[in-house]
Number of protein chains: 2
Amino acid sequence: MRRPASSPRRPREGGKVTIKEVAAHAGVSAMTVSNVFNDTGKFSRETRERVLAAINALGYVPNSAARRLVGATPARIGLLYAGVDSMFIDAVLAAAAVASAERGLQLMARKAASAGEALDAARALQRSGADALLLLPPFDTVLSGSAAFRALGLAAASIATAAPLPDMFTVRIDNRAASRAMTERLIARGRRRIAIIAGPQDHSDSVERLLGCREALEAHGLDLAEDRVIEGRFTFESGLAAAERLLALAELPDAIVAANDDMAAAALWVAHRRGLSLPRDLAVTGFDDTLLATRVWPPLTTVRQPIDRMTARALDLLLDALRRRTDEPADVLEDYALVGRASD
Amino acid sequence: MRRPASSPRRPREGGKVTIKEVAAHAGVSAMTVSNVFNDTGKFSRETRERVLAAINALGYVPNSAARRLVGATPARIGLLYAGVDSMFIDAVLAAAAVASAERGLQLMARKAASAGEALDAARALQRSGADALLLLPPFDTVLSGSAAFRALGLAAASIATAAPLPDMFTVRIDNRAASRAMTERLIARGRRRIAIIAGPQDHSDSVERLLGCREALEAHGLDLAEDRVIEGRFTFESGLAAAERLLALAELPDAIVAANDDMAAAALWVAHRRGLSLPRDLAVTGFDDTLLATRVWPPLTTVRQPIDRMTARALDLLLDALRRRTDEPADVLEDYALVGRASD
DNA sequence: GTTGTTGGGTTTATCGTTAAACCACAACCC
DNA sequence: GGGTTGTGGTTTAACGATAAACCCAACAAC
């Protein structure tokens, strides 16, 4: 293992150029370089050119530790996620890792096993230096409005949540409309005995998705027997249990609308095991359009939620808020898409 | 959006306690607190107690930006990954995000589209401040040994690679043995016409996996017609194409050994589409034991690679190397496990 | 009795960047 | 012509932690 020759004090960080060297090269003070770089303060058009040239020539990259020390750059985002095995969580973690890297942010991912742990986890994140919080359901609604959360004094953004919140950014799709559209698609394709594997009803997004289904069914005069709605926990295993019960019903459903892809995959599983022919005997639809949707057989008709874009957007909002010290909560609605595949 | 009341200069980072406050509280100098905290320098047992008490009482957490500025703590890990859609990559990204967070490290994830981009990507990571590199195949072998890589002067670790390397840490499983064991399992279960969807042969781990298969077949006197081996690219789509060709062979294989779960899932897909009964007509096995393995039907018999543990181990090795300035490359062999499910 | 040595600290300087205060000079304003 | 207002910068003082140099008492060695 090779390591660089090190000066007594520091491990010589790969030929780092400091702002002073740039300043000397451009014949100005360090402060002016800083001003040009950040577009703050005052300088003439001509100095600007000189400084920029020096920056390029030397390949200057500001030292983020120093910037952060003086409080100029927020740098750490705490991500609070539910500790369930789901494709969606993995995808968010991966997207957040990449998006944070692009923005030079440090991601601090932390799992909270239950809603009760949310506050403790948030506190722990803050204590270890988080400047802002990125939340996933159900932690958005758990924390929103609580005095203890407010006391943390951290900016927060929630992705994939159901509705705007007064004290944090929200980046989401219209879950209800998406779910309604999906259900209508099934009805249009001739399905009549539609069953539902809902998500946990303490997740605001799950509630919306279930509402969307109900609306579509009602609009078409189809009744939804309550034994055709089962609440899962977004995990594959809970989907398995739910599907078992649904496919053991006296009157067999001809379609299952699941609230995420993992549970939809579970429904496929159970259907396969029972020897049903898919999608003839049973249509199954998912939600999220994770990688899973295209890996299972038959591939899932599902709702695409643009996870990468939503994650990136949430980070940008947080960065803006921290830098500009804005106080306006914002709600960003991203587009969803119905992706038709072979499962319905 | 609530933001904390801010002193003129800084956004008041959530009640941060500095080392000086701890020092005052304990009645010693800041330096002594630093020494106690890091177990460096000298101090009496009694001062130690006092300082530790003060640290706990005040909830002191060292400011990592300051530490880093003086060069005491390395903080940034550059993760170089191949930009293919695969469950394995997502899982590694997620695991790395969590493991980095636990260690207070900043993860800088960067995709390189091809082997040729590896060096540029590594340079870019270094320029943006990476202290060490975490590599995924094929970038380990692409970079290892090259003078340009050595010139970077960065410690590196590679996970899920095939063999020890002289200039970086390696954390891996015995790919060949695992693959051999898997093939032997199939033989023991009566399969005779075994086909292979190999991984890209510029990945050292893929090479090993293929070798393992061959060894097992040879050991049992089974010949492997060359049209029964197809090289995929670890993607689901490439698996699809490979499976199509294999299942169009005059003599139909009775088993397919795939080099990862995504390609195995693709084989299941094609088999379903052709109306084969699984696993009666065809056994399929995967590799990695990603979440996908349990989501598809039938669930995949596969090799478990402990991704979380391997990622964590690699980070620990890198941290040790940076802190202690060790020069010894190390090779860690983790245990794999054959996970039998219904697909064979 | 001068010269080490060691335990238990303290002081000082420094990392790279930026906020805030300051400065020199020019133009404008009754 | 004294005062205000701009423009285009520079200087200074942090931010928090730590490496290195220094200090001092107590004790040992010769």
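In what follows, chains carry the letters A, B, and so on, assigned in the order in which the sequence lines appear, proteins first and then strands, with residues in each chain numbered from 1. Quantities reported herein were computed from a predicted structural model and do not represent experimental measurements.
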Engineer: When the distance from CG of A:Asp39 to P of C:dT18 is rounded to whole Å, what number comes out?
Structural biologist: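 The distance from CG of A:Asp39 to P of C:dT18 comes to 13 Å, rounded to the nearest Å.
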Engineer: 5'-most contact on DNA chain C: B:Lys42 or A:Ser64, nearest heavy atom basis?
Structural biologist: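 Upstream on the strand: B:Lys42.
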Engineer: Within the 4.0 Å heavy-atom criterion, would you say A:Thr40 contacts the bases, only the backbone, or no part of the nucleic acid?
Structural biologist: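 Nothing: the residue A:Thr40, judged by heavy atoms under 4.0 Å, touches no strand.
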Engineer: Counting side-chain heavy atoms from C-beta on, which of C:dT18, C:dT10, D:dT18 comes nearest to A:Ala30?
Structural biologist: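 Comparing C:dT18, C:dT10, D:dT18 against the side chain of A:Ala30, the answer is C:dT18.
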Engineer: Looking at A:Ser34, I'd like to know whether one of its side-chain N or O atoms comes within less than 4.0 Å of OP1 or OP2 on C:dT18.
Structural biologist: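 Indeed, a polar side-chain atom of A:Ser34 lies that close.
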Engineer: Scan A:Ser29 against the nucleic acid and name what it touches under 4.0 Å (heavy atoms): base, sugar-phosphate only, or nothing.
Structural biologist: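 Answer is base: heavy atoms of A:Ser29 come under 4.0 Å of a base.
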Engineer: In whole angstroms, how far is the C1' atom of D:dC15 from the CD atom of B:Glu21?
Structural biologist: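 My rounded result for the distance is 13 Å.
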Engineer: Strictly below 4.0 Å: does B:Thr47 bring a side-chain N or O up to OP1 or OP2 of C:dG9?
Structural biologist: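 Result: yes.
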Engineer: Quick one: pull up CG in A:Leu315 and CG in A:Asp320 and give me the separation to the nearest 0.5 Å.
Structural biologist: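 Going from CG on A:Leu315 over to CG on A:Asp320, the span is 11.5 Å.
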Engineer: With a non-hydrogen cut-off below 4.0 angstrom, is B:Val28 in contact with a base, only sugar-phosphate, or nothing?
Structural biologist: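 Sugar-phosphate: the residue B:Val28, judged by heavy atoms under 4.0 Å, touches backbone atoms but no base.
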Engineer: Starting from P on D:dG16, measure out to CG on A:Asn63 and report it in whole angstrom.
Structural biologist: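 After rounding, the gap between these two atoms is 16 Å.
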Engineer: Give the rounded distance in Å between these two atoms: CE of A:Met31 and P of C:dC22.
Structural biologist: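 Going from A:Met31 (CE) to C:dC22 (P), I get 16 Å.
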Engineer: Once you apply a heavy-atom cut-off of 4.0 Å, does B:Ser44 come out as touching a base, just sugar-phosphate, or nothing?
Structural biologist: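 Sugar-phosphate contact only - B:Ser44 comes under 4.0 Å of backbone atoms but never of a base.
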Engineer: What is the distance, to the nearest angstrom, from the CZ atom on A:Arg68 to the C1' atom on C:dA19?
Structural biologist: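 Result: 17 Å.
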Engineer: Under 4.0 Å between a side-chain N/O of A:Asn35 and OP1 or OP2 of C:dT18, yes or no?
Structural biologist: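 No.
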Engineer: Just to be sure I understand the rule, does A:Phe37 reach a base, reach only the sugar-phosphate, or reach nothing, if contact means heavy atoms closer than 4.0 Å?
Structural biologist: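 If one applies the 4.0 Å heavy-atom cut-off, A:Phe37 turns out to touch nothing in the nucleic acid.
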Engineer: For A:Arg67 and C:dG16, is the shortest distance between a side-chain N/O and OP1 or OP2 below 4.0 Å?
Structural biologist: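 False: A:Arg67 side-chain N/O out of range (4.0 Å or more) of C:dG16 OP1/OP2.
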Engineer: A:Leu69 CG to D:dC15 C1': how many Å, rounded?
Structural biologist: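 Rounding to the nearest Å, CG of A:Leu69 and C1' of D:dC15 are 4 Å apart.
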Engineer: Can you tell me if CZ on A:Arg103 sees more than 12 non-hydrogen neighbours from other groups inside 6.0 Å?
Structural biologist: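 For A:Arg103, atom CZ is crowded (more than 12 foreign heavy atoms under 6.0 Å).
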Engineer: Taking CZ from A:Arg45 and C1' from D:dT7, how many angstroms apart are they, rounded to a whole number?
Structural biologist: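 Rounded to whole Å, this separation is 15 Å.
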Engineer: Between B:Ala91 and A:Asp90, which heavy-atom pair has the shortest distance, and what is it?
Structural biologist: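 Shortest heavy-atom separation between B:Ala91 and A:Asp90 comes out as CA-OD2, 4.2 Å.
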Engineer: Among side-chain atoms of B:Arg68 and B:Asn63, is any donor-acceptor pair under 3.5 angstrom?
Structural biologist: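 No - no donor-acceptor pair under 3.5 Å links their side chains.
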Engineer: Mind calculating the distance between NZ (B:Lys16) and P (D:dA14) to the nearest angstrom?
Structural biologist: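 Whole-Å distance recorded here is 21 Å.
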Engineer: Let me see the working for A:Tyr60 and A:Phe37 under ring pair (Phe, Tyr, Trp, His ring centres under 6.0 Å), right down to the final yes or no.
Structural biologist: CA-CA 10 Å; A:Tyr60 168 68; A:Phe37 197 96; 5.7 Å; yes
